[in-house]
Amino acid sequence: MLHIYRSIQRKVFLRELERMVYYVITQYINTVTKNLVISDEDKTLLIRFYKCVLVGVILDWLDAGMNYDLLSGAIRIHELFDDVSGQKAILRATEELKKTSGS
């Protein structure tokens, strides 16, 4: 993976990494918001935000030569945030949509 990242084909690697991460994040957001009313615009913003965060973390890991445990770091970040920021963002988006639609 590191060899491909550092090769001339880096653009291809980055494009595919972003495509895969976008897919994973989209599936996650769609699952989490399945029973919620949330605007397409807010859902798209959340997907883009989390895609950028995850791609950035992966690129940082690659830039560091894959010299730290990415999985342990991801688990610890999840523990520290306890998914609070994501839940708050989704709840805020659903509440605002309810207010604007008069529900």
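- Among residues two or more places apart in sequence or in another chain, the side chain to side chain contact (heavy atoms under 4.5 Å, CB included) test is passed with Ser39 by Glu41, Asp42, Leu97.
- Taking all atoms of both residues into account, the shortest heavy-atom contact from Val37 to Thr94 is O-CG2, 3.0 Å.
- Hydrophobic cluster membership differs between Phe49 and Val24, with clusters built from Ile, Leu, Val, Met, Phe, Trp and Tyr side chains linked at under 4.5 angstrom.
- Under the 4.5 Å side-chain heavy-atom criterion for grouping Ile, Leu, Val, Met, Phe, Trp and Tyr, Met1 is not connected to Leu71 through any hydrophobic cluster.
- Considering only residues two or more places apart in sequence or on other chains, Met66 meets the side chain to side chain contact (heavy atoms under 4.5 Å, CB included) condition with Leu2, Trp61, Leu62.
- Within the model, atoms CD1 of Ile4 and CD of Gln9 stand 9.5 Å from one another, a figure rounded to the nearest 0.5 Å.
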request  = For Tyr28 and Leu54, run side-chain contact (heavy atoms from CB on, under 4.5 Å): C-alpha distance rounded to whole Å, both residues' side-chain angles, the deciding distance at 0.1 Å, then the answer.
outcome  = CA-CA 13 Å; Tyr28 173 76; Leu54 187 52; over 6 Å; no
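- The main-chain N or O of Thr26 is found under 3.5 Å from a side-chain atom of Asn30 such that the two form a donor-acceptor pair.
- The line from OG1 of Thr33 to CG of Leu46 is 8.5 Å long, rounded to the nearest 0.5 Å.
- With sequence neighbours excluded, the residues forming a side chain to side chain contact (heavy atoms under 4.5 Å, CB included) with Leu17 are Phe13, Val21, Val55, Ile58, Leu59, listed by chain and number.
- Note on Leu36 and Ile25: same hydrophobic cluster, where clusters join Ile, Leu, Val, Met, Phe, Trp and Tyr whose side-chain heavy atoms are under 4.5 Å apart, directly or indirectly.
- For Tyr22, there are no ring pair (Phe, Tyr, Trp, His ring centres under 6.0 Å) partners at least two apart in sequence or on another chain.
- For residues 2-19, the set of pairs meeting the salt bridge (Lys or Arg N to Asp or Glu O under 4.0 Å) definition, not counting sequence neighbours, comprises Glu16-Arg19, Glu18-Lys51.
- Pairing each heavy atom of Leu70 with each of Val57, the nearest pair is CD1-CG1, 3.7 Å.
- Counting only residues at least two apart or in different chains, salt bridge (Lys or Arg N to Asp or Glu O under 4.0 Å) contacts with residues 61-77 comprise Arg76-Glu79.
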